[in-house]
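Right, one structure below, let's go through it.
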Amino acid sequence: MSHSSQIEKLRKIVSLITEASETVIAEWESNPGTVEAPEGVQLPSRSLFNAQRILFAAAGSIEELVGDPAMRLISLSSQFFESRALHIAAEHHVADILHGHDDAGVHAGVIAKKIGIDEQKLSRVLRCLTSQHVFRETSTDTFANNAVSKVLVGNEDLRAYVML
């Protein structure tokens, strides 16, 4: 692909991102943009849902356009590790253990003793998930929930699905 066609494609993606971002911002400013579903799941409005889909797709398009193809394949091949790390965290209720410690977090050693996993291995698992924006590392080997991991707290249905 020539640089001029790459430039044009990138400009189109940026335009999509800008438009979708403005939709998200407008939804956030006007209301929470959610509808309560029967099981307590928060559903976004149709326009917010469509804007989210555009942003997710645009992120993938940018990765394809500006990233090194070999690095993309390496990244894709390692997703097994992220999935397995999430499975381990869900299986051992890590989000539940971190609940209530949002500011300071909990040291991996404390979590490891509660769940019976080697501290160094657990730190690697949680750091892997932190790199995927599932938890936060508040200081060295000390972790806390973020907006993503908080949805696992007390959510047995989601936890069971993650563990499939």
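Every heavy atom of this structure was used, including side-chain atoms; hydrogens, water molecules and symmetry mates were not.
A pairwise comparison of heavy atoms in T138 and G105 identifies OG1-CA, 4.1 Å as the closest pair. The shortest heavy-atom contact between S131 and C128 is OG-O, 2.6 Å. The minimum heavy-atom distance between H92 and I97, with the atom names listed, is O-CD1, 3.8 Å. E119 and A112 make their closest contact through CA-CB, 3.7 Å (heavy atoms, listed as atom of the first residue, atom of the second, distance). The minimum heavy-atom distance linking A90 with V162 is given by the pair CB-CG1, 3.8 Å.
Annotation: salt bridge (charged side-chain N to carboxylate O under 4.0 Å, His left out) contacts involving residues 79-89, sequence neighbours excluded, are absent. For residues 43-68, the pairs satisfying salt bridge (charged side-chain N to carboxylate O under 4.0 Å, His left out) are E63-R72, with sequence neighbours left out. Identified under the salt bridge (charged side-chain N to carboxylate O under 4.0 Å, His left out) test for residues 93-116, with sequence neighbours left out: D102-K150.
Hydrophobic clustering keeps L10 apart from I7 (ILVMFWY residues linked when any side-chain heavy atoms are closer than 4.5 Å, directly or through intermediates). A single hydrophobic cluster is seen to contain both V94 and V151, as judged by linkage of ILVMFWY side chains at heavy-atom distances under 4.5 Å, directly or through other members. In the hydrophobic cluster analysis, where Ile, Leu, Val, Met, Phe, Trp and Tyr join through side-chain heavy atoms closer than 4.5 angstrom, V110 is grouped together with I88.
Partners of E156 under the side-chain hydrogen bond (donor to acceptor under 3.5 Å, both in side chains) rule, at least two apart in sequence or in another chain, are R159. Taking the side chain to side chain contact (heavy atoms under 4.5 Å, CB included) definition, one finds that Q120 meets it with D118, R124, sequence neighbours left out. Considering only residues two or more places apart in sequence or on other chains, S15 meets the side chain to side chain contact (heavy atoms under 4.5 Å, CB included) condition with none of them. The side chain to side chain contact (heavy atoms under 4.5 Å, CB included) search around S21 returns I17, L55, not counting sequence neighbours. With sequence neighbours excluded, the residues that form a side chain to side chain contact (heavy atoms under 4.5 Å, CB included) with I54 are L16, A20.
In this structure the side chain of V134 reaches within 4.5 angstrom of the side chain of L86, judged on heavy atoms.
If you chain together ILVMFWY residues whose side-chain heavy atoms come under 4.5 Å of each other, I25 ends up in a group of its own. In this structure, F81 belongs to a hydrophobic cluster whose other members, linked by side-chain heavy atoms under 4.5 Å apart, are F80. Side-chain contacts under 4.5 Å among hydrophobic residues (ILVMFWY), followed directly or transitively, place Y161 together with L164.
Here the straight-line distance linking atom NZ of K9 with atom NZ of K12 works out to 10.0 Å at 0.5 Å rounding. Atom NZ of K121 sits about 14.5 Å away from atom CG of L126, to the nearest 0.5 Å. Considering OG of S83 and CG of L129, their distance stands at 10.0 Å, rounded to 0.5 Å. Atoms CD1 and NE2, on I111 and H101 in that order, are 9.0 Å from each other to the nearest 0.5 Å.
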For this session: Would you please test L122 and I115 for side chain to side chain contact (heavy atoms under 4.5 Å, CB included) and show each step?
Result: CA-CA 10 Å; L122 179 63; I115 63 177; 4.1 Å; yes
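Other residues, nucleotides and ligands contribute only 12 or fewer heavy atoms inside 6.0 Å of the NE2 atom of H99.
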Would you mind writing out the side-chain donor-acceptor pairs for residues 140-148 within the sub-3.5 Å range, not counting sequence neighbours?
from, atom 1, to, atom 2, distance (Å)
D141, OD1, S123, OG, 3.2
D141, OD1, R127, NH2, 2.4
T142, OG1, S139, OG, 3.3
T142, OG1, T140, O, 3.3
N145, OD1, S149, OG, 2.9
N145, ND2, A95, O, 2.9
N146, OD1, V148, N, 2.9
N146, OD1, S149, N, 3.0
N146, OD1, S149, OG, 3.4
N146, ND2, H133, O, 2.9

